[in-house]
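Down below is the structure, laid out as structure tokens.
Since this is a predicted model, take the numbers as computed values, not measurements. Order of the sequence lines fixes the chain letters, A, B, ..., with proteins taken first and strands second; residue numbering starts at 1 for each chain.
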Amino acid sequence: MRIATWNVNGLRARLEYITKWLEDKQPDVVGFQELKTPDDVFPIDHFKELGYEALVHGQKSWNGVAILSKHPAELVHTGLKGQSDVGSRLITADIDGKFEFTTVYCPNGKNLEHADYAGKLGWYDSLTKQWQSGKNGPRIICGDFNIVPEPIDGWKGEAADGGIFHTKEERARLQSLMDTGLTDLYRHFYPDEQAFTWWDYRGGSFHRKHGLRIDFILATEGVDALTKDVVIDRDYRRKIDELTPSDHAPVYADIDF
DNA sequence: ATGGCTCTCGCGGAGAGA
């Protein structure tokens with residue numbers, strides 16, 4: 001089964017681009033982030049025509065997450081307890097009784113002095129707490145985590161340490177989540193590769209290889225042994241026929257569920 | 001050092017993103 005995550009930076013603005021990728025790569029289950037779309041105008045029927053059912057936790061203008069699935073998918077829950085004021089950022093579904101699939105859009109934090117930074121740390125605490133209370137069995141949590149785990153995961157390397165996305169506090173929060181028993185599937189397969197999932201739109205960052213790896217597919221114990229490969233789909237960070245890409249590339253894993 | 005683009009909302013230009 002092909003499992004994917006993608007911050008699309010506006011689902012409606014990206015719909016034609018997203019459709020090309022779905023047709024080309026045929027993922028079975030996809031987590032989208034940054035829909036910027038209210039639930040009542042989410043193009044459910046469009047995805048149905050492409051063979052997907054959709055579960056949506058959206059909002060007007062900002063944030064928003066959704067799950068597409070070619071297999072029967074049942075909504076488990078949306079959101080984090082006590083965190084509804086930071087927007088629609090988490091959705092979980094059971095996929096055909098085989099595994100639980102969660103996708104998240106973690107808060108950005110803006111800068112170290114901004115109130116959103118403390119809010120980001122608190123959001124992570126809530127996430128780890130809720131994740132720990134989840135059920136046993138195979139689970140995937142993927143999405144845009146907005147934290148650079150290690151110096152190798154950013155183009156500036158150690159020079160970026162201490163800045164937003166690269167602080168000890170943020171990295172400790174991500175580590176606490178990982179310490180519940182999660183494996184970062186990309187890093188598991190490619191322990192020494194420098195690979196990015198996001199590049200700034202400005203200044204030709206993509207071509208200058210100025211990016212960050214902040215989008216992950218994390219899996220509970222045993223799923224790594226079922227995983228055949230993990231791909232950061234850089235080709236889909238490029239313009240296609242004058243269609244503007246997201247600033248994030250899709251990431252997918254092929255897993256024998 | 002800074003800003004460099006793109007999105008939404010809504011019709012100008014501000015706010016957010018990472």
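When the side-chain nitrogen and oxygen atoms of A:Thr244 are compared with OP1 and OP2 of B:dT6, none of them lie within a distance under 4.0 Å.
Taking a cutoff of 4.0 Å between a charged side-chain nitrogen and a carboxylate oxygen, A:Asp254 and A:Arg2 qualify as a salt bridge.
Put simply, CD on A:Gln33 is 21 Å from P on B:dT6, counting in whole angstrom units. Between the CG atom of A:Leu243 and the C1' atom of B:dC5 there is a distance of 17 Å, rounded to whole Å. Atom NZ in A:Lys120 sits roughly 16 Å away from atom P in B:dA16 (whole-Å rounding). B:dG4 atom P lies 16 Å from atom CG of A:Asp247, rounded to whole Å. At whole-Å resolution of the value, CG in A:Leu11 and P in B:dC9 are 12 Å apart. The CD atom of A:Glu34 sits 11 Å away from the P atom of B:dC7 (whole-angstrom rounding). Separating the CD atom of A:Glu242 from the C1' atom of B:dT6 is a distance of 15 Å, rounded to the nearest angstrom. The interatomic distance linking A:Tyr105 (OH) with B:dA16 (P) rounds to 12 Å, in whole Å.
For the contact set between residues 194-216 of chain A and DNA chain B, defined by any heavy atom under 4.0 Å, the members are A:Trp198, A:Tyr201, A:Arg202, A:Gly203, A:Leu212, A:Ile214. Taking every heavy atom of residues 36-44 of chain A and every atom of DNA chain B, pairs under 4.0 Å involve A:Lys36, by number.
Remark: the A:Asn63 side chain and the A:Lys36 side chain contain no N/O donor-acceptor pair separated by less than 3.5 Å. Neither side chain, A:Tyr186 nor A:Asp153, offers a donor N or O lying under 3.5 Å from an acceptor on the other. Remark: the A:Gln33 side chain and the A:His248 side chain contain no N/O donor-acceptor pair separated by less than 3.5 Å.
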For the pair A:Ser69 and A:Glu53, evaluate side chain to side chain donor-acceptor pair (under 3.5 Å) and give the outcome as yes or no after the intermediate values. CA-CA 5 Å; A:Ser69 178; A:Glu53 53 181 284; 5.7 Å; no
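A distance of 10.5 Å separates CH2 in A:Trp123 from OH in A:Tyr105, rounded to the nearest 0.5 Å. Atom-to-atom distance recorded for A:His166:NE2 and A:Glu150:CD is 12.0 Å, nearest 0.5 angstrom.
More than 12 non-hydrogen atoms from other residues, nucleotides or ligands lie less than 6.0 angstrom from CD of A:Gln175.
Cation-pi geometry between A:Lys129 and A:Tyr124 is not met at under 6.0 angstrom from the ring centre and within 45 degrees of the axis.
Along DNA chain B, the nucleotide closest to A:Gln59 and the one closest to A:Asn111 are compared, and the more 5′ of them pairs with A:Gln59. Residue order along DNA chain B, read from the 5' end via each residue's closest nucleotide, puts A:Ser61 first among A:Pro107 and A:Ser61.
Out of B:dC9, B:dG17, B:dT6, the shortest distance to the side chain of A:Lys60 is found at B:dC9. Of the listed nucleotides (B:dC7, B:dT8, B:dG17), B:dC7 has the atom at the smallest distance from the side chain of A:Arg14.
Within the 4.0 angstrom heavy-atom criterion, only backbone atoms of the sugar-phosphate kind lie near A:Asn7; the bases stay farther away.
Between A:Trp155 and A:Trp199, the ring centre distance reaches or exceeds 6.0 Å.
Atom C1' of B:dT8 sits at a distance of 13 Å from the matching atom of B:dG12, rounded to the whole Å. Of the P atoms belonging to B:dA14 and B:dA1, the separation is 27 Å, rounded to the nearest Å. On the P atoms, B:dC11 is 16 Å away from B:dG15, given to the nearest whole Å.
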